[in-house]
Asker: 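Below are the structure tokens for one structure; questions will follow.
Numbered from 1 within each chain, the chains take letters A, B, ... in sequence-line order.
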Amino acid sequence: MTIALSGRKIAGKLQEQFPGSIVQSDESSLLVKSEHLLAIATFLKTTPGFDFDYLTSVTAVDYRDYFELVYHLISIEHNHSLVLKVRCHDRENPTVPSVVGVWRGADFQEREIYDLMGIKFEGHPNLKRIVLWEGFQGHPLRKEYKGIYK
Amino acid sequence: MPIKTEPFAINFGPFHPSTHGVFRMRTTLDGEVIIDLEPVFGYLHRGIEKLAEGRTYTQNIPFTDRLDYLASMSNNLAYVLAVEKLAGVPVPERAEYLRVIMAELQRIASHLIAVGSLLNDCGAFMTPILYMIREREKILDLFEMVSGQRLTYNYMRIGGVSQDIPDEFLPALEKFVERMPSYIDEYDRLLAENEILLARLKGVGILSKGQAINISASGPVLRGSGVEWDIRKVDPYSVYDRFEFDIPTGTLGDSYDRYRVRIEEMRQSLRIIEQAMKQLPSGAVKTDVPWLMLPPRGEAYAHIESPKGELGFYIVSDNSAKPYRFHIRAPSLINLTALRDMSVGWKIADLIAIFGSIDICMGEVDR
Amino acid sequence: MSLLDTSPINWATTGTLSPDWPGGYWLHWVVFTIIILVFVLAMVMGFIYIERRFVARIQSRLGPNRAGLFGLLQPVFDAIKVLVKEDIVPAGGDKLVHWWAPVVAFVPALMIFVVIPFQDGALLADLNIGILYVVAVGSVGMVGVFMAGWGSNNKYSVIGAMRAVAQIITYEIPLGLAIISVVLLSGSLSLNEIVNSQNIPFILLQPLGFLIYFVSACAELNRTPFDLLEADSEIVAGYHIEYSGMKFAIFYLAEYIEALAVSAIITALFLSGWRGPLLPPWLWFLIKVVVVFMFIVWVRGTIPRLRVDHAMALSWKFLLPVALLNLFITSIEVILWPLVLPWPIILLNLAIMVVLILLWSRFFKLGGGRVEV
Amino acid sequence: MEIDKRHRLHIYSDEELDKNEGEIIELLKAASQQPVPDQDEWLDEQLRRNILVTSVEILLNAARCASLWPVVCFPACCAFEFITTAASRFDISRFGMEIIRASPRQADLMITAGTLTWKNAPNVRRVYDQMAEPKWVIAMGACAISGGIFSGSYSVVPGYNRIIPVDVYVPGCPPRPEALLYGIEQLRRKISSLQFLA
């Protein structure tokens, strides 16, 4: 059984390493500041005891006021999981650091979020539309997008 | 010393006989050798994630059928598991067993197509895939018995399955489970003793263990690289913790290992089905849920081991009748991350074989 | 000699014909040209039908059975449909090359039949260099394939054409060496003479030569496992990707005519041609040709395709040295021929074949791996 | 792990290609807001009048009916019902249709098995244009007819008949192989009453 690590406990450890990086933490997830995302991701991947070497899924949710990116991490060695979250309050030009350098598996998923949600990933090597074509107006998964065919 | 020629660009797909749908690869070739490759997606992007936000939880089940259309039952299962996790709906024992039986049958059906089309891509002029489809038809018959459909079953429901199995189902299933191993052995012999195929698959398209984990590969691609990671074992959902089965793994991570893993998985699936048939309890098959269910505010991520890999559904609810966010973690898409690394330096024919050995389904890649 | 004597019934029943039959240079030419054309077209139709039915049976299905009795009209209907379909020349293609390519591919395939004996002396021209002529003319068709690939303005077709050229150069050599072994046994280059000298079918005396010839001929025919130049799953349709209508039909026909020619040559070289007990010679010839063709179809229905470098490696590393060894052994046997009875030689040759193949498959490794780029 | 630098050797850069393809898609989208009119409407009247076709046409039409070679056009789910139809149980080879041509030049029939998206529409149009006359199209499945359950989506073309003329519609999601066979039978009926030489 994959053990879901408590976000609160990990938040304590991260707080020592990266002061001021944690916004919020509860039993199931851990919300961090986007400027610390890359450092925390590297830390979680390389620190023995955590070893989160497997990025299951990256996705973004549009909560109207802000975008929330959700990273599902798993450690194959220890068989435990963690949900990492990042918020992005800028609706006009949302930008989040890319984690492709840490987990290659984020490559296509981040491109997909860029395409459908319009969030830019800084440091992504090949950030362009993936499922829609160049010149498509808007980002369909945003809540304000009315995607009915006319 | 290979002779270098002037590189040229060539487009594989979207209408190409062996791209398993409408996949496209922009490749740069040096003679026959691939020196660069960029996958292009989106030719089947139907916007399921957006459409699902406009339908109720139950109405979304048919969408999941059309994701990985070779494994509709597995997709149904993953989705209903996510909604059940979100809303806390209990599932009757009998329904859990039926789900396991269906998911495992679906795995066999999907792997049959995967292996068949891999051989077809290697140029075996339709013969293997036609034999595989012959066996798959028997599974489709079983599914038709329970759901009335041949491809898009829409069988699982939130809190169970749509209907109980008919009386003829179990005898037919028993007959199938009895006969299938000999067919699998036959197909195994077809490949394991064919020099041409061994030469074309062994050592081709190697994906190392570290690479496989780093690109978040899952399913047979991950296990072919030697990582013993099967969600049925490491994070058992439904009633998988009650069955005995092994996780087949490869050693080298080449196309041949991925093929072997699929063949072995079919055998393991049969083992699970046999046990599930023996343990199948009687009783109800569906918990009553409100017609218009309103799950509490929150989010849930449920993942299963689908034939292609880890299929996950991430659902956010805002306490309305429709999901607020409906995200699909598609194994086919993520497994393709490695395609470039695996195929650069190989020949055109290898690219096709490597691509076939990853086994993708375009409905799931593009969604 | 009157025209009456040339009626088919006559030569069909008597079985023996004078070598200059039916007499008269021009009459002979006209009669045999007609016979060859009719025979080739009828057999090709039959072959297409046989192949589709037989492959369908291998794949556990039925095959065409609706058009006419048992679907016998299927190839006829296919031909009519393809012939009246629109003909397209791609916009950027080389029109002249595109037009001439099917002709260049088709005519040499048909020309092979000039020297194929249907029965003793029954052939258009009993050239004393018959088999040399076959080898020479047979490879010219590849020029047409290359023209098709080049003139189509399509990258897939160019890849197909390049593969075709590489393949024909590679497999021509073991093919020639296998033929030379047969020629050593028979002592003549004329196909008619070769058949006449086969008191024992040469497949028994030359089992290894037969295998080498069969594999090389399959490669020359571009049939599975060597259909690299039209590999469906890789380069879509290869050299004829841009061809439609009549020109495509000609390519399609040329492919089957070559298959027919190869079956006929294998029959003549290794299966003692028209010779056989009881049945009339032309029937023996037909039966053997069809059996050989069905064997080719069987291979097609079961074996996957080789990779391009594997195909090259198979020829250069396996077939060529083995064919040379076989030629050497055969020469020694021919020198010693009068001293030894045929049956021990047959057993000896079978043993040599088994040993050589087993030994060589130890040394030999198919193709290379990844290329660093 | 760092992603190695991509060395692209196309004549056009990827960005140019993407932009160009996007423009083509937008153009096609703007141009195909209405269904393509059925080119064979005259046929209904002819069928009613029951005009005799000449003997040459009978032969030609019989040939065309008997050898319909489908082209590879398998976008989505229905493709597998088509492949099953081609396989041993339903066995499309009985009708001489087992030669599935990968090259559109040599094919007669396009079985559009699956959802069509705007991104894919130019390719379908191109494959259709590349087919040599005479050619036919069977729209297989709900998505091919009207967009099916995806018809409300931002990226889905509501039916192939926006892009190419369709001869026979086979409903179902996906249609059963029997239904597809019936559709093929209907197409053969249509072909056998065509007049080309009149």
Asker: Go through the steps to decide whether H327(B) and V70(A) satisfy the test side-chain contact (heavy atoms from CB on, under 4.5 Å), and finish with yes or no.
Answerer: CA-CA 11 Å; H327(B) 174 72; V70(A) 189; over 6 Å; no
Asker: side-chain contact (heavy atoms from CB on, under 4.5 Å) between H45(B) and I130(A): does it pass, once the steps are laid out?
Answerer: CA-CA 10 Å; H45(B) 176 68; I130(A) 182 168; over 6 Å; no
Asker: Is there a salt bridge (charged side-chain N to carboxylate O under 4.0 Å, His left out) between E68(A) and R325(B) once you walk through the steps?
Answerer: CA-CA 11 Å; E68(A) 189 173 87; R325(B) 177 83 171 93; over 6 Å; no
Asker: Can you say whether E228(B) sits under 4.5 Å from chain A via the side chain, the backbone, both, or neither, judging by heavy atoms?
Answerer: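 It is neither, since no heavy atom gets under 4.5 Å.
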Asker: Which one of D318(B), V234(B), I215(B) has the most heavy-atom pairs closer than 4.5 Å to chain A?
Answerer: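 Ranked by heavy-atom pairs under 4.5 Å with chain A, first place is V234(B).
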Asker: Would you say that Q211(B) contacts R104(A) through its side chain, given a criterion of any heavy-atom pair below 4.5 Å between the two side chains?
Answerer: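 SC-SC contact between Q211(B) and R104(A) ruled out.
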Asker: Please report the interatomic distance CD(E112(A)) to CZ(F41(B)), rounded to the nearest 0.5 Å.
Answerer: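 One gets 9.5 Å once the value is rounded to the nearest 0.5 Å.
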Asker: Measuring from atom CG of L336(B) to atom CZ of F108(A), what distance do you get when rounded to the nearest 0.5 angstrom?
Answerer: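 So the CG of L336(B) and the CZ of F108(A) are separated by 6.5 Å.
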Asker: Answer with side chain, backbone, both or neither: which region of A217(B) has an atom nearer than 4.5 Å to a non-hydrogen atom of chain A?
Answerer: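 Contact with chain A involves the backbone of A217(B) alone.
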Asker: Answer with side chain, backbone, both or neither: which region of E77(A) has an atom nearer than 4.5 Å to a non-hydrogen atom of chain B?
Answerer: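 Nothing of E77(A), per the 4.5 Å heavy-atom cut-off to chain B.
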Asker: Using a heavy-atom distance cut-off of less than 4.5 Å, which residues of residues 131-140 of chain A contact chain B?
Answerer: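 Within residues 131-140 of chain A, the residues that come under 4.5 Å of chain B (heavy atoms only) are V131(A), L132(A), P140(A).
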Asker: Is there a side-chain contact between V83(A) and Y314(B), using heavy atoms and a 4.5 Å cut-off?
Answerer: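 Sidechains of Y314(B) and V83(A): no contact.
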Asker: Is chain A contacted by the side chain of V40(B), its backbone, both, or neither, given a heavy-atom distance below 4.5 Å?
Answerer: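 Neither part.
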Asker: Is it the backbone or the side chain of E49(B) that comes under 4.5 Å from a heavy atom of chain A, or both, or neither?
Answerer: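 Both parts, backbone and side chain.
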Asker: Just verifying a value: how many Å separate Q109(A) CD and L333(B) CG, rounded to the nearest 0.5 Å?
Answerer: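 Atom-to-atom, Q109(A):CD and L333(B):CG are 7.0 Å apart.
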Asker: Is Y237(B) in contact with chain A via its backbone, its side chain, both, or neither, using a 4.5 Å heavy-atom distance?
Answerer: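 The answer is neither part of Y237(B).
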Asker: Which heavy atom of S216(B) sits nearest to which heavy atom of G105(A), and what is that distance?
Answerer: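 Nearest pair, atom of S216(B) first, then G105(A): OG-CA, 3.5 Å.
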Asker: Name the member of V227(B), L44(B), L51(B), V316(B) that forms the most heavy-atom pairs with chain A at distances under 4.5 Å.
Answerer: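 Heavy-atom pairs under 4.5 Å are most numerous for V316(B).
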Asker: To the nearest 0.5 Å, what is the distance between CD1 (I74(A)) and CD1 (I213(B))?
Answerer: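 The CD1 atom of I213(B) is 11.5 Å from CD1 of I74(A), to the nearest 0.5 Å.
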Asker: Between I334(B) and chain A, with a heavy-atom cut-off of 4.5 Å, which part of the residue counts as in contact: side chain, backbone, both or neither?
Answerer: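 Contact with chain A: side chain only.
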Asker: Heavy atom to heavy atom, less than 4.5 Å: which residues from residues 53-66 of chain A reach chain B?
Answerer: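 From residues 53-66 of chain A, the residues near chain B are D53(A), Y54(A), L55(A), T56(A), S57(A), V58(A), T59(A), A60(A), V61(A), D62(A), Y63(A), R64(A).
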Asker: Please name the pair of heavy atoms, one in Y145(A) and one in K50(B), separated by the smallest distance, quoted to 0.1 Å.
Answerer: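 Heavy atoms only, the tightest pair is O-NZ, 3.2 Å.
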Asker: Is chain A contacted by the side chain of L222(B), its backbone, both, or neither, given a heavy-atom distance below 4.5 Å?
Answerer: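 The side chain, not the backbone.
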